[in-house]
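Below, chains carry the letters A, B, ... as their sequence lines are ordered, and counting in each starts from 1. Quantities reported herein were computed from a predicted structural model and do not represent experimental measurements.
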2 protein chains.
Amino acid sequence: MANIREIAKLAGVSVTTVSRVINNHPYVSENKRKAVLKAMETLNYKRNIHAIHLAKGRSNMIGIVLPNIDHPYFSQFVEGVAEEAIKHHLQIVLFQTNYEIAKELDALESLRGNLIDGLIFCSRAISLDILYQYNDYGSIVLCEDSDQSIYPSISIPHEQAFQFGLEYLIAKGHTKIAYTLGRREGPNSFKRMQAYEKMMKRINQNIRKEWIFDKCLSITDGSEVMSKFKALKEKPTAFLATNDQVAAGLLLGAKKLGYTVPNDIAILSFDNQPIAELMDISSISIPIKKIGALSVSTLLDTNNQSSKKMILPFKLYERSTV
Amino acid sequence: MANIREIAKLAGVSVTTVSRVINNHPYVSENKRKAVLKAMETLNYKRNIHAIHLAKGRSNMIGIVLPNIDHPYFSQFVEGVAEEAIKHHLQIVLFQTNYEIAKELDALESLRGNLIDGLIFCSRAISLDILYQYNDYGSIVLCEDSDQSIYPSISIPHEQAFQFGLEYLIAKGHTKIAYTLGRREGPNSFKRMQAYEKMMKRINQNIRKEWIFDKCLSITDGSEVMSKFKALKEKPTAFLATNDQVAAGLLLGAKKLGYTVPNDIAILSFDNQPIAELMDISSISIPIKKIGALSVSTLLDTNNQSSKKMILPFKLYERSTV
DNA sequence: TTGTACGCGTTATCAA
DNA sequence: TTGATAACGCGTACAA
């Protein structure tokens with residue numbers, strides 16, 4: 001409860017001097033500094049962070065917007081953010097939105113209300129129009145393959161990567177290719193769908209709606225898709241999966257249903273997480289942690305270069321499922 | 001930028017009245033309320049959260065201390081916390097510690113400095129002695145099978161659950177039982193080790209250090225343990241695994257090395273997450289999300305019952321790996 | 001090198 | 001039903 005004034009009184013100095021000692025400012029004589037430190041000790045002083053935030057107008061906290069933390073992609077992303085944040089003495093506030101726009105607005109309002117200095121959109125549902133309204137209230141970084149020009153964005157080139165995956169499957173002799181998506185509405189999904197349509201046109205294949213599975217994010221989702229695959233009259237020969245979890249589910253589901261991989265059905269996925277290596281799943285790597293870390297440094301850097309787009313490299317890891 | 005005073009001026013009322021309107025207090029005439037709301041609208045008013053925190057002495061933020069978020073156990077835990085927190089309009093601040101005591105101290109200092117109103121220790125490395133020094137600075141909840149009596153704790157009965165798992169393996173004919181641990185130092189691990197020693201004594205088995213594998217948390221860790229298993233002269237016939245990830249790694253590693261499960265080696269794990277169901281791994285469930293959710297409500301409740309210990313039930317799901 | 005005095009934006013108290 | 005004013009605790013011109 002002891003505040004800076006009580007310390008000053010006990011130490012026989014002014015509050016300014018106390019403040020200087022606390023913040024390691026120069027121009028404090030050694031004996032006064034000692035007196036202040038001693039007073040702080042005896043009164044068990046702790047500074048009130050809210051007062052600092054109020055006085056400074058900043059909080060050294062940043063927010064992360066994500067649908068749900070309980071998914072390897074997002075938790076790894078946050079891990080990358082956390083590691084970088086700690087270097088800059090930033091605290092992290094989590095906004096789990098479940099893709100609800102109202103919750104994303106909460107996060108934006110927290111930015112407007114100065115709770116956080118900046119906001120990282122790991123994945124968003126809200127429209128860019130609304131996002132633009134918050135342009136003045138703090139830094140915002142988008143982690144998506146975005147073509148807008150207001151906010152900095154960081155991602156891999158999703159369209160190109162998806163096309164690369166399709167070309168790889170085609171080169172392996174596949175023309176009947178199905179794919180899974182997290183959710184149709186996301187900007188990254190949109191890029192993936194574009195790549196798919198383009199490539200199918202190139203190899204003269206019709207787009208079959210029943211070969212496109214959305215809402216696929218988890219290992220369980222992948223397994224369920226495999227059951228749907230079984231019921232399909234006309235079957236694809238390959239899957240391009242949202243991520244390694246879905247691919248693992250597909251693989252396990254396939255084995256359970258008696259299909260052999262890659263003979264009956266080939267599987268290629270994204271992310272290249274440990275599970276892909278362990279289950280020997282061919283996967284296109286995405287540097288998730290790095291994207292997280294870069295989103296922090298970009299956030300801090302945002303004064304200078306307010307709307308740059310960063311594109312990170314992806315890489316194919318060939319394994320046994322294609 | 002507009003603050004409460006400017007609103008007051010424009011609306012022709014006092015700051016008190018503005019504050020009343022903002023906080024839905026009674027005793028504001030309808031026309032003044034309208035005038036205030038209009039002024040807020042035209043000046044694009046947003047309240048400064050730091051000023052509120054300072055004036056109120058609270059922040060409506062809670063902290064979570066965990067080693068690293070990029071693990072299904074912890075991310076699911078946080079998911080449980082987040083879902084409960086949102087019901088109480090609480091924000092979540094993440095403290096990723098990597099089991100470093102200094103980082104745990106950071107979190108405690110944030111509690112002391114009023115940044116957060118309460119702190120949840122999902123897993124801790126710091127000693128209870130030090131923890132006790134922060135008893136006055138806010139609520140603390142421990143999510144461990146703890147016998148201390150200062151802070152509320154929430155967990156499953158780890159010793160009992162581990163014993164239950166061992167008894168199950170023994171009933172299935174196993175006497176040569178190995179196990180994996182997250183880290184030796186944790187309170188939960190200690191309980192598990194106790195149970196192990198007790199049960200081995202009961203069935204007249206020596207404790208073999210080389211059958212105890214620590215630092216096992218991930219799927220990769222499990223796979224590596226299996227390689228060590230291969231090099232073992234005298235081999236156990238069963239593994240009790242830290243969690244489903246480790247079990248999955250053990251299972252995949254076993255298959256890769258040509259062992260059959262459960263004939264060559266049986267595997268039983270904890271958590272019962274989706275991957276266990278999908279890979280048909282026998283597992284003892286832990287209600288992780290529920291523990292997370294309860295930790296929040298306990299935190300809020302902590303005035304009344306400052307040191308209760310909550311023990312949640314576990315349950316065995318028998319599958320094909322034992 | 002030190003201190004005074006004010007600003008930060010809001011809530012709470014008390015008098016009217 | 002309203003408003004003046006004092007906290008809340010710290011940072012920082014500016015003066016000395």
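A cation-pi arrangement, defined by a distance under 6.0 Å to the six-membered ring centre and an angle within 45 degrees of its axis, is present between A:Arg183 and A:Tyr99.
Under 4.0 angstrom from either OP1 or OP2 of D:dG9 there lies no side-chain N or O belonging to A:Lys46. Checking the phosphate oxygens (OP1, OP2) of C:dT10, a side-chain nitrogen or oxygen of B:Tyr45 falls inside 4.0 Å. The side chain of B:Thr17 places no N or O atom within less than 4.0 Å of a non-bridging phosphate oxygen (OP1 or OP2) of D:dT2. Here B:Ser29 reaches the OP1 or OP2 of D:dT2: one of its side-chain N or O atoms lies under 4.0 Å away. A close approach under 4.0 Å does not occur between any side-chain nitrogen or oxygen of B:Asn3 and OP1 or OP2 of C:dC8. Between A:Thr16 and C:dG3 there is no side-chain N or O to OP1 or OP2 distance below 4.0 Å.
Backbone-only contact: A:Ile52 has heavy atoms under 4.0 Å from sugar-phosphate atoms and none from a base. Looking at heavy-atom distances under 4.0 Å, B:Val28 makes contact with sugar-phosphate atoms alone, never a base. Within the 4.0 angstrom heavy-atom criterion, only backbone atoms of the sugar-phosphate kind lie near B:Val13; the bases stay farther away. At the heavy-atom level, B:Arg5 lies under 4.0 Å from base atoms of the strands shown.
When the C1' atom of C:dT2 is taken as reference, atom CZ of A:Arg33 falls 14 Å away, rounded to whole Å. Computed from coordinates, the A:Asn23 CG to D:dA13 P distance equals 13 Å when rounded to whole Å. Rounded to an integer number of Å, the gap from B:Leu54 CG to D:dC8 C1' is 4 Å. Distance, A:His50 NE2 to D:dC10 P: 12 Å, rounded to whole Å. Atom CD in A:Glu6 sits about 14 Å away from atom P in D:dA7, given to the nearest Å. A:Arg47 has its CZ atom 22 Å from the P atom of C:dC8, to the nearest Å.
Judged by distance alone, the side chains of A:Ser19 and A:Thr16 never bring a donor and an acceptor atom under 3.5 Å apart. No donor-acceptor contact under 3.5 angstrom links the side chains of B:Arg112 and B:Tyr134, judged on distance only. A donor-acceptor pair shorter than 3.5 Å cannot be found between the side chains of A:Asp129 and A:Ser127. Checked by atom type, the side-chain pair B:Asn31/B:Arg33 shows no donor-acceptor distance below 3.5 Å.
Comparing B:Ala51 and B:Asn31 by the nucleotide of DNA chain D that holds the closest heavy atom to each, the one mapping nearer the 5' end is B:Asn31. When each of B:Glu30 and B:Ala55 is assigned the nucleotide of DNA chain D bearing its nearest heavy atom, the one mapping closer to the 5' terminus is B:Glu30.
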